[in-house]
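All remarks here apply to the structure that follows.
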Number of protein chains: 2
Amino acid sequence: MTAGTKDRIRDSAADLFQHQGYHATGVKQIVEGASAQLASLYHFFPGGKEALGADVVRVAGAGYQTLVEAVWDSAPDVVAGVHAVFDGAAAVLEATDYEDACPIATVALEVASTNETLRIATAEVFDAWIVAAVARLAAAGIAAPTARDLAFAVVGGLEGAFVLARATRSVEPLHAAGAVVAAAVERALPA
Amino acid sequence: MTAGTKDRIRDSAADLFQHQGYHATGVKQIVEGASAQLASLYHFFPGGKEALGADVVRVAGAGYQTLVEAVWDSAPDVVAGVHAVFDGAAAVLEATDYEDACPIATVALEVASTNETLRIATAEVFDAWIVAAVARLAAAGIAAPTARDLAFAVVGGLEGAFVLARATRSVEPLHAAGAVVAAAVERALPA
DNA sequence: GTCTATACTTTGATAGAC
DNA sequence: GTCTATCAAAGTATAGAC
């Protein structure tokens, strides 16, 4: 079973939103990338571009979470896991000519103060990421309040490093943030 | 001497770019907010929207650096300075209904892979911020390589926390990141 | 569900009078 | 340097045949 029209439209939109943002992406460009018809977009997403955007944020956000969790969990311990997440993100960024960073960050900033429907979609994705990070840090024996602070440091540190890395076309921000955050996690581990 | 037309246009554009991004902002909306004529925008910025965008990024970026440096330097020591930066950013964000975060981050992500002129403008601003942060950490006695890692943690941590904070409408990401980064700076201080 | 065609609005940008 | 008027293109969205 090959990808249906709806999936191709969603995948095309996800690609474009990630690389050039929500407002710079036109619906015609989306369907062209999906080899679909414009009417098909409005058939599968009656809410138009906004409904498609919300769907993309949720699906791409969940997909990225799965990817990062796999990288994290493949490391032997929590500290190595954090290092693996930042270094892996740096490798992907470099391999894709600084295009593939966070799939929803650009959209999140674009809509934060202008589109409540999309803002809530991005907020739910970020909340889920924090919950997943807290769980991994808590499982390593880090107490709840500290684990939550560190979860924000991991997710927020990754997002901020992506901003600097894409702008300057350098992976140094990712390696630096990874080193600092991993060290903070190590220090919080029980003796 | 009151603000000239060119300054009003730049200020209006800076506001709109910060709050809703580059692509969502139209030139007509900019001149309307500046109480100016459309032809005036093209008179003062012959390169059109892109030239105005580059100018806004540089001016707003330098202005934000000055603001953050003042907050940092008003604290009694480096660790308190880092705390003051994150907590001050949280206070501003909350006071402005989650609108006033980084003045150039949204634009930076929007143009990173699509507009080399604007991308370079944002890269130069971020580079200047890192240099300023390194100088303050080095002045406190932190060795060069560590100071640079921590500078990325401060600037990147702030940027990432802004993404999470604006999306979730919570200042928790800023306080959490500030706590983790300030602690990392404290550990790096000479005995 | 997919196709063609189109309505309507807004976009960035320019011309030319004053 | 500021004004009015306007252009060509691109934006989102819809209608209706098949």
Side-chain angles (χ1 to χ4, degrees), chain A residues 1-57 106-107 109-111 113-119 121, chain B residues 1-57 106-107 109-111 113-119 121:
Chain A
M1 175 161 166
T2 120
T5 303
K6 182 173 182 177
D7 292 318
R8 292 202 317 278
I9 291 173
R10 182 172 34 221
D11 290 348
S12 172
D15 257 21
L16 293 164
F17 290 161
Q18 177 177 27
H19 300 150
Q20 60 187 25
Y22 180 78
H23 287 110
T25 300
V27 289
K28 290 178 182 172
Q29 189 181 11
I30 293 171
V31 296
E32 186 184 352
S35 298
Q37 298 297 321
L38 183 60
S40 297
L41 189 157
Y42 289 93
H43 172 76
F44 289 112
F45 300 95
K49 187 183 181 183
E50 181 182 276
L52 171 58
D55 194 57
V56 164
V57 166
T106 309
V107 176
L109 286 182
E110 286 183 277
V111 305
S113 301
T114 58
N115 185 315
E116 192 67 357
T117 299
L118 291 178
R119 194 221 104 218
Chain B
M1 173 158 169
T2 117
T5 302
K6 183 173 183 178
D7 292 319
R8 292 204 315 279
I9 290 173
R10 184 172 32 221
D11 290 348
S12 172
D15 256 22
L16 293 164
F17 290 162
Q18 177 177 29
H19 299 149
Q20 60 186 27
Y22 181 77
H23 287 110
T25 300
V27 289
K28 291 177 183 172
Q29 189 183 11
I30 293 171
V31 296
E32 186 185 352
S35 297
Q37 297 298 321
L38 183 58
S40 298
L41 188 156
Y42 288 94
H43 172 75
F44 290 111
F45 302 94
K49 187 184 180 182
E50 181 181 274
L52 170 58
D55 193 57
V56 164
V57 165
T106 308
V107 176
L109 286 183
E110 284 183 278
V111 305
S113 301
T114 58
N115 186 314
E116 193 66 358
T117 300
L118 292 178
R119 194 220 105 217

When the side chains of residues 31-53 of chain A are checked against the rest of the protein, which donor-acceptor pairs come out under 3.5 Å, sequence neighbours left out?
| from | atom 1 | to | atom 2 | distance (Å) |
| --- | --- | --- | --- | --- |
| A:Lys49 | NZ | A:Tyr22 | O | 3.0 |
| A:Lys49 | NZ | A:Thr25 | O | 2.8 |
| A:Glu50 | OE1 | A:Asn115 | ND2 | 2.8 |

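- Between the P atom of C:dG12 and the CG atom of B:Leu16 lies a distance of 11 Å, rounded to the nearest Å.
- Atom CD in A:Gln20 sits roughly 14 Å away from atom P in D:dA10 (whole-Å rounding).
- Listed by chain and number, the residues in a salt bridge (charged side-chain N to carboxylate O under 4.0 Å, His left out) with B:Arg8 amount to none (sequence neighbours excluded).
- Rounded to whole angstrom, the span from the CD1 atom of B:Ile30 across to the P atom of C:dG12 amounts to 7 Å.
- A:Asp7 has its CG atom 15 Å from the C1' atom of C:dG1, to the nearest Å.
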Atom pairs and distances, donor-acceptor, side-chain atoms in residues 12-19 of chain A, under 3.5 Å, two or more places apart:
| from | atom 1 | to | atom 2 | distance (Å) |
| --- | --- | --- | --- | --- |
| A:Ser12 | OG | A:Ile30 | O | 2.8 |
| A:Gln18 | NE2 | A:Ala101 | O | 3.1 |
| A:His19 | ND1 | A:Asp15 | O | 3.2 |
| A:His19 | NE2 | A:Asp100 | OD1 | 2.7 |

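- For the OP1/OP2 pair of D:dC3 and a distance below 4.0 Å, the side-chain nitrogens and oxygens of B:Ser40 include no atom meeting the criterion.
- With rounding to whole Å, B:Phe45 atom CZ is found 13 Å from C:dA13 atom P.
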Contact letters for nucleotides 11-18 of chain D, in which S counts primed atoms plus P, OP1 and OP2 and B counts the base, heavy atoms under 4.0 Å: BBBB----
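- The NZ-P distance, from B:Lys6 to D:dT2, rounds to 12 Å in whole Å.
- Partners of A:Asp11 under the salt bridge (charged side-chain N to carboxylate O under 4.0 Å, His left out) rule, at least two apart in sequence or in another chain, do not exist in this structure.
- Judged by distance alone, with hydrogens and angles left aside, the side-chain atoms of A:Glu110 form no donor-acceptor pair with the main-chain N or O of A:Gly21 at under 3.5 Å.
- When rounded to the nearest whole Å, the span between CD of B:Gln37 and P of C:dT14 equals 17 Å.
- Considering only side-chain N and O atoms, A:Thr5 lies under 4.0 angstrom from the phosphate OP1 or OP2 of C:dT2.
- Residues passing the salt bridge (charged side-chain N to carboxylate O under 4.0 Å, His left out) test with B:Arg119, sequence neighbours excluded: B:Glu116.
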